[in-house]
Peer 1: 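Would you mind keeping the following structure in view while I ask a few things?
Letters A, B, ... mirror the listed sequences (proteins, then strands); counts begin at 1. The figures here come from the full heavy-atom set of this structure, side chains too, leaving out hydrogens, waters and symmetry mates.
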Amino acid sequence: MIAWRLLVREFSSGQLTLLAVALLVSVAAMTTTAVLTDRIDRAMRADAATLLGGDLKLIGPRPPDLPWLKKAESLGLEHTETIEFPSVVGFGGRFELSGLKMVSQDYPLRGQLEISDQKAGVGYPVREIPAPGTAWADPQLAAKLDLNTGDVISVGETVLEITQILIFEPDRGGSFVSLTPRLLMNRADLAASELIQPGSRVRFITLFAGDRASTFRDWVEPRLDISQRLRGVVDGRPEVGGALKRATTYLSLAGLLTVLLSGAAIAMTATRWANDHIGDSALFRTLGLSGRETTRIFAWELAILGAAASLFGVILGYLIQFALVDTIAGMLTISLPMPSFYPAFLGLLTGFVILFGFATPALVTLSRVPPIRVFKRDYAVGGASWFLRYGMAMSSIAALGYLYSEDWRLTAWVLLAVVLLFFLVSIIGRLVIKALGPLEHLGPAWRFGIQQLIRDPAASGGQLMAFALTALAIAMVSLVRFDLITTWEAQVPKDAPNTFVLNITDADGPEFVELVKARGGQLAPLYPIVRGRLETVNGIRLSEHLKGQEAPGSVRRELSLTEASTLGLDNRIDRGRWFRAGDAPGLVTIESKLFDKLNLVLGDQLNYQIGPDLISAKVIGTRVVQWDSMLPNFFMIFSPETLRPFESTSLTSIRLRDPVSDTVAISNSFRQVTLLSVDAILNQVRGILDRVSQAVTVVLYFVVVGGVLVLAASVQTSLPERRKESAILRTLGGSDRLLSQSQWAEFLTLGVLSGLLAAAGTELLGWLVYTHIFNLQWQSLWMIWVLLPITNGLVVGTIGRWSAKEARRLPPAQLLKIAET
Amino acid sequence: MGPSGAGKSTLLSLLAGLDVPESGEIRFQGNAFSQLSEDARAGLRRGQIGFVFQSFQLLQGLTALENVMLPLELSGLPVKQARHRGLDWLNRVGLGKRVSHRPRMLSGGEQQRTALARAFVTDPALMFADEPTGNLDRRTGQAVNDLLFELNAETGATLVLVTHDEQLAARCQRILELENGQLLEVSA
């Protein structure tokens, strides 16, 4: 086949090297990013799954149907069932309402239980559950009943021996749902306890784990009834779920930007390839081939090249990521699973899509070369239409962008930013290049360098776009990483409360505060809690007010109502206002999302049923609440004195210096106060966020390396012209210094200019991505307007000079020979 | 003169200091090329040696005028004066109306005439021409040759010319033939 023979010949002559290398580097870069992000993503999810005890959690009032379990097994998922319900535990004549949790073998599927051999002891992880006839009590229960290992407790109709103190259960969570003291026991003891009676509030929890958990989720979700809930890591544990979601989006963004960088490199090298082949195409036409036959030869040549370069690119990509993981192994505390084959498939597909997406216009150009071009080199060749040129490139980037990010919105925003950047470069970039004239007065080196840019606006525009894209990509991934990590650090600050406190009576309040402070602890405000139900809106029953819509779960049952004079640090008023000094009782602020779900407007009058009484309150503001802050938070907060007539106990969160011993001491002084240490959970969340941060940082480094490679590749595309120009200048007596300085001037200018354009692009994409994708607040940074031009100028200048070094070093006669072959 | 592959162009490159010989020595104005750095050799060429190549070797990004101005700018002449002299030389080679055209918009003959203007603009003492009409049709080639010899006579430069063309060679004062690595005097 002629295309194959041509390819081999061209390859050995070096004509194809540039395009092949660009494709190889692109596919390798994208495969590396894809494999790395795939592995990091799976590792993060597995890590976070320890917070759930599995990859999926099915919660319901009865065990799941047998066919569901069969389906899970057929998908290769493990499963285990736990049963939770509140009941009374007795010891030494005292009784305590506790959360009983009965577990079976294999629990937990992800993460580990931690136990201690004695009260206030140090925990260690175990891979076992309490044996039948025994139970593990948490420190809270142990403190309340003054239990120690070896004691025998009564649970329903049975007795169990406490063999361990339960320090940590991975899936307990840090919310108020799980605040009661915990007793962990074996499922086998359920029947003997005779605790489950008709009407018991029992929760059957089935944990699932395995690679195909999401397939199972898709299958089972439509089959759930209203009483059943299915939770994954993201929705099941909001304190890390949000971070995980953002980190995954970050990985997608990084993948998308790598696609863009590769596209830029291929577009540049493919145009060069087409220019190199105009003469060949004319020759084929002279030899009697039709335009279509000529195109077919070149298309085959590209296809074979695409296949070979993609294959080697994929292999190289896998090798690089192995090397990368080896290098960073010491830095990562997360263990990565083995890579899957999906990125390999993606890499191969990428090679073809990107090659044809960006090289088709070049093929069209080649098909239009008239035979007369053999004789008249100056005969103009009609290129591809504007639509074909940019339409193909954008569609292939959109397709690949989606494949890499699986996020249409993110892909659309990034594409929009690229289109705008493109117009910015085309219009402003070229205008500015033309206006660079005055720089020529800086001396002959500057004159040559700047003239180089001014004389070929199309070529300088292309390089400007490539450099600006690279800078934009690196700036974006750096900024998002910085802001994500800052957000995560703020989410669980070093001094975050580590203990929740419930049931503080008014009488105990002052002494309790005193004791906590005496032990060096810090307290959040005390919130009085009254249970009540929302009944009417402006006198209309809630169900009628919602016009048949189902009320949100939080108002279908009794709510924890509270009052406060100061707004919590993790709350922000987004509509209306917070209470002022002098406000009368009877005002309420509502959590913003609930306010919308309830179709409320400011000024609405709400009525609540509290025991036998009714109270009324006017809505004056809504609050955006950071639910993952580990501080007490409420849907409804009333103005001070509103709840005064009702009997209440208070809750708060505190930070204890030594959670284990302080909890025991405080519990002993205030027996009715419930203390729940969330220190272990906090540490667990902090650890996961740390690891997610590391993962995000590693990907950032990789994008930077990829960006620099693309930068070098795009400089390389102009090398043949540079060689020739250097040779001619040297022949005419130009010194090495002059050549070097003029290249420095040219690339420095290109770098600074592209840095400025990238800063504009970053402002735009940053705003789009922050507000629409990451739900972060975008703040315009003057730093990027200074740092991007400076660093980009230095980096592009250095790479440009370094790449063009050969063009200065070789004797002119040799350079001319190279240029003419 | 000499058959293809005899090493004529290599010899020309060596004579001009565009490359250095593996053995032996070439001196220009008392300086041995092989003992000089690339920069020093470039310095010697600047303004003193002119070139005309078979494939013109014009910078594609520059206009005809800018190509002609280039050697003057490299020797440090202010842009205004360089432009003035460049225009003058383009007029002399008959391209006064094509000054702003880039090489790819000029015919082969016009490109070579631009190259001639570039070679002579610095008023060099020594001029090298490597098959100057090898890429042109006979009639255009003839016209370019005429111009080359005319300008050479006007400036009084020493012209070293490599060619296959016996008629062209016959117009030179001295003919040497390169064969099997040996340089033979054909006529003087």
Peer 1: How long is the span from the CG atom in Leu729(A) to the CZ atom in Arg46(B), to the nearest 0.5 Å?
Peer 2: 11.0 Å

Peer 1: With a 4.5 angstrom heavy-atom cut-off, is it the side chain or the backbone of Arg41(B) that approaches chain A, or both, or neither?
Peer 2: neither

Peer 1: Look at atom NE2 of His84(B) and say whether more than 12 heavy atoms of other residues, nucleotides or ligands are closer to it than 6.0 Å.
Peer 2: no

Peer 1: Considering only heavy atoms and a distance below 4.5 Å, find which of Thr122(B), Leu12(B), Leu70(B) pairs most often with chain A.
Peer 2: Leu70(B)

Peer 1: Under 4.5 Å, counting heavy-atom pairs only, tell me which of Asp19(B), Leu44(B), Val20(B), Ile49(B) racks up the most with chain A.
Peer 2: Asp19(B)

Peer 1: Which residues satisfy the side-chain contact (heavy atoms from CB on, under 4.5 Å) test with Ala40(B), sequence neighbours excluded?
Peer 2: Leu36(B), Ser37(B)

Peer 1: Is it the case that over 12 heavy atoms from other parts of the model lie below 6.0 angstrom from the CZ atom of Arg171(B)?
Peer 2: yes

Peer 1: Val79(B) versus chain A, heavy atoms under 4.5 Å apart: side chain, backbone, both or neither?
Peer 2: side chain

Peer 1: Minimum heavy-atom separation for Ala42(B) and Gly734(A), please, with both atom names.
Peer 2: CB-O, 3.4 Å

Peer 1: Find out whether Ile728(A) and Arg118(B) are in side-chain contact, i.e. whether some heavy atom of one side chain is under 4.5 Å from a heavy atom of the other.
Peer 2: yes

Peer 1: Is it the case that more than 12 heavy atoms not belonging to Gln29(B) sit under 6.0 Å from its CD atom?
Peer 2: yes

Peer 1: Could you look at Leu58(B) and say if it's the side chain, the backbone, both or neither that has a heavy atom under 4.5 Å from chain A?
Peer 2: backbone

Peer 1: Looking at residues at least two apart in the chain, or sitting in another chain, which of them share a side-chain contact (heavy atoms from CB on, under 4.5 Å) with Glu110(B)?
Peer 2: Leu95(B), Arg98(B), Leu106(B), Ser107(B), Arg113(B)

Peer 1: Other residues, nucleotides and ligands only: do more than 12 of their heavy atoms fall within 6.0 Å of CZ on Arg85(B)?
Peer 2: yes

Peer 1: Grab the two heavy atoms, one from Thr731(A) and one from Arg45(B), that are nearest each other, plus how far apart they are.
Peer 2: O-NE, 3.2 Å

Peer 1: For Glu25(B), I'd like to know if atom CD has over 12 heavy atoms of other residues, nucleotides or ligands within 6.0 Å.
Peer 2: yes

